[in-house]
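By convention in this document, chain letters (A, B, ...) are assigned in the order of the sequence lines, proteins followed by strands, and residues within each chain are numbered from 1.
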Protein chains: 4
Amino acid sequence: MKNEDTLQDRHRDILEAAELVFTTRGFAAARMDDIAETAGVAKGTLYLYFRSKQVLFVELLETRAEEYVTTLDAYLREAKSLADCLGILATLRGQLFVKNQRLAESISHSVPDFPRELQWRVWNIRRALQRPTEKALERFLPADYPVPPSQTAAIVNGAIDYLVGVCVLDGEQMVLSEVAKDIQYVLLPGLSRGRQDWAANES
Amino acid sequence: MKNEDTLQDRHRDILEAAELVFTTRGFAAARMDDIAETAGVAKGTLYLYFRSKQVLFVELLETRAEEYVTTLDAYLREAKSLADCLGILATLRGQLFVKNQRLAESISHSVPDFPRELQWRVWNIRRALQRPTEKALERFLPADYPVPPSQTAAIVNGAIDYLVGVCVLDGEQMVLSEVAKDIQYVLLPGLSRGRQDWAANES
Amino acid sequence: MKNEDTLQDRHRDILEAAELVFTTRGFAAARMDDIAETAGVAKGTLYLYFRSKQVLFVELLETRAEEYVTTLDAYLREAKSLADCLGILATLRGQLFVKNQRLAESISHSVPDFPRELQWRVWNIRRALQRPTEKALERFLPADYPVPPSQTAAIVNGAIDYLVGVCVLDGEQMVLSEVAKDIQYVLLPGLSRGRQDWAANES
Amino acid sequence: MKNEDTLQDRHRDILEAAELVFTTRGFAAARMDDIAETAGVAKGTLYLYFRSKQVLFVELLETRAEEYVTTLDAYLREAKSLADCLGILATLRGQLFVKNQRLAESISHSVPDFPRELQWRVWNIRRALQRPTEKALERFLPADYPVPPSQTAAIVNGAIDYLVGVCVLDGEQMVLSEVAKDIQYVLLPGLSRGRQDWAANES
DNA sequence: GATGAATGAGACTTCATTCAT
DNA sequence: CATGAATGAAGTCTCATTCAT
């Protein structure tokens, strides 16, 4: 009988293979054959660990989201200022972005066909991915900041991800410290002023 | 012989059906049967107008991108200030880009399998979508603005699209004027200061 | 109103186009689109002259077989000897072989699917194509020739067609007088002796 | 894991089913569904053994051609005279070549659409099928025989195949010994005389 | 009569899933 | 537990035939 560790390994190998394949081709175009081959197991073995392609996909999302959130939270806890936050977000999203982004893209397209239980799990993942940025911003935004945190978080994450994405698509060697600097330059002023500045600016 | 207009209509009907289906399911999961049914034509008719599913997808992208760029350019030409630009971008991307964004998401996954000629066409689409924001920013950014326009454009577009996307995903009734206001509040300060401010801020 | 001649022309144009296409691709792979384009008419027009692809095919076979038989009979009537016969057959089959052969090949594969009435017409064509060689041989074979004429005809026709076919396939410039000479050299002796020679040879 | 023999069997079953279907209907009209049903396997199984219909067709040709050539060579090696050769050829082509001939007929129509690599393989098959008759004739033809062996081979093969074909088409019970006798009677004299006889005959 | 856009049955092929070994 | 051969539903695409113009 195989011991517990071997089973864990197999499970992890399959998830890693699935990540590679889903990331590269998207959910619909990914083939279980490819995942099996990449994982170095037989096709039937996949079904010993995951009931279906859809379950494999969702459990992969859950695993990666959890890891990502844990990492991000740990780093953001150390942040001393809004500038720190932006720097950390830019750096970590820069490192993790490509894989996660590609996975995330599959969600909106694929999930509508999933059974309800899986759809619910995906919904939870989405919520979880929002929170770290949101929590960090809450700590440092001016108390009277007029834009709600969830939407400010969307703005910040969008800015970072697109900038990283453009660099990657253009094939440029991505210099993360540059990305962080650009992000800080553009976003910091707008994130640092309270409502009275707004009023001032409007007038 | 059917008259010219009828043919044009059919062509447009199919593109609209394709837009709906590709947008909803992504390229790989979209079925030609669904597109045909949505367009109200027989399966074979699709192939009278587009040689293959891939060609239909790319020509849809081209058509929508062209429309989008034309509209955006026209509006941005009227902008009198950076605030105007951000407002226009937020409003139009909110109206037009949710769909296009979904289409765009399919690209990175699907296009690698396409024949080279189609890949090249997609590449051109990507370039075209970047330009309007870039051109508008060039007009209003301070002369000594330290972040290159292409990357500033990425930051702006990303902020807008994510914000719109979050609103849509959350199922909120999207109030575009709110979106525009939030965007202006967060981004405007950082886009308005020249290099000397940067130096000041750093110190 | 179009006059009779124009209708005849159209009919003939279509048959010629069909001959070219069926000859090139075989019955099953031939497309009505190609035949229409080759004939310079619209696809629907084909169906004004021939009820279906199968009918078009069979009527083409009938037309060409009739022409071929008429021509062959006329020439063979002039033959003064077995050598003449072989020379004439080699020359004419050499001229007509490629087209007819290709058409004939389609028959055995395609006809089983045809409706019974068309099958019967094809059967008649086959009989008709055999007869000229058979009739000519009957005139010149020794009275006591032991091999039945229909089978002798098969041997003669097979020898000629394969020889021409090999030349064509090898891409050689086919010299018909050479073909005729070879055929005569190989076949004439065996066709010229009566049964007593056979007995002699056997002993 | 299924044992090696079972896989071999399946492979052979499919080839036999393919032979039956391609032979009956020709390449273009043959349906993979029919081949699968005839072989007693599911449609998808065919594609585990052969990458496409075209590949299945070509590999069938290769297999049968190889068997045929091997058998023919073995028998012809034992021939003691030209009469033996003709008898052997008539008998074996009668037994083995009706099927192969039907396959061969598909080649000229279907192969032009094939990818270049498959075309090359078919070309090699054609060459291989020519050689046995040619080699045998070279041993027994008079040294000064004026017709080149490759063309003499074409004449002999054509005569045999047509005769067999006519018998089959007429639905006659084919008596192979009769066929052999007829062939020998017609062809032997012409194949036995050297060039001086030719000169004599011409005068 | 002539056209050719439209149709839809049916072809090839793929791939998630199963199950005997 | 692990395997991978087998399955068959479902996808893309073709093409003979029809019919409104």
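- Regarding Met32(D), its CE atom lies at a distance of 16 Å from the P atom of dG8(F), rounded to whole Å.
- Atom CG in Asp13(D) sits about 10 Å away from atom P in dA6(F), given to the nearest Å.
- Side-chain atoms of Thr45(B) do not come within 3.5 Å of backbone N or O of Val41(B) as any donor-acceptor pair.
- Of the residues in residues 45-55 of chain B, those placing a heavy atom less than 4.0 Å from an atom of DNA chain E are Thr45(B), Leu48(B), Tyr49(B), in numerical order.
- Here Asp13(A) does not pair with Arg10(A) in a salt bridge; the nearest charged N to carboxylate O distance is not below 4.0 Å.
- Counting all heavy atoms, side chain and backbone alike, Ile125(D) lies closest to Val58(D) at CD1-O, 4.1 Å.
- Checking side-chain atoms of Lys53(A) against main-chain N and O of Ala30(A) turns up a donor-acceptor pair under 3.5 Å.
- In this structure, His11(D) atom NE2 and dA5(F) atom P are separated by 13 Å, rounded to whole Å.
- Protein atom CG of Asp9(C) is 15 Å distant from nucleotide atom C1' of dG1(E), rounded to whole Å.
- The residue from Glu16(D), Glu19(D), Glu59(D) that alone fulfils the salt bridge (Lys or Arg N to Asp or Glu O under 4.0 Å) condition with Arg64(D) is Glu19(D).
- If you take CG of Asp34(A) and C1' of dA16(E), they are 13 Å apart, rounded to a whole angstrom.
- With hydrogens and angles ignored, a donor-acceptor pair closer than 3.5 Å exists between the side chain of Lys43(B) and the base of dG10(E).
- Between the side chain of Gln119(A) and the main chain of Phe114(A), a donor-acceptor pair closer than 3.5 Å is present.
- Each of Gly40(C) and Arg31(A) was assigned the nucleotide of DNA chain E with the nearest heavy atom; the assignment lying further toward the 5' end belongs to Gly40(C).
- What separates CZ of Arg25(B) from C1' of dA10(F) is a distance of 12 Å, to the nearest Å.
- Here the OG1-CG distance, from Thr38(B) to Asp33(B), works out to 10.5 Å after rounding to the nearest 0.5 Å.
- Taking CD of Glu67(C) as the start and CD of Glu62(C) as the end, the distance is 12.0 Å to the nearest 0.5 Å.
- Atom pair Glu37(A):CD and dA16(E):P shows a separation of 14 Å (rounding to whole Å applied).
- As rounded to whole Å, 14 Å separates atom P of dT13(E) from atom CZ of Phe57(D).
- Toward the 5' end of DNA chain E, the nearer of the two residues Ala30(A) and Asp33(D), judged by each one's closest nucleotide, is Asp33(D).
- Remark: Arg10(A) is in phosphate contact with dA2(F), judged by side-chain N or O atoms under 4.0 Å from OP1 or OP2.
- The aromatic rings of Phe57(A) and Phe27(A) sit tilted relative to each other, their planes meeting at an angle between 30° and 60°.
- Stems are defined here as 3 or more consecutive Watson-Crick or G-U wobble pairs with pairing distances under 3.5 Å; those involving DNA chain F are E:2-21 with F:2-21.
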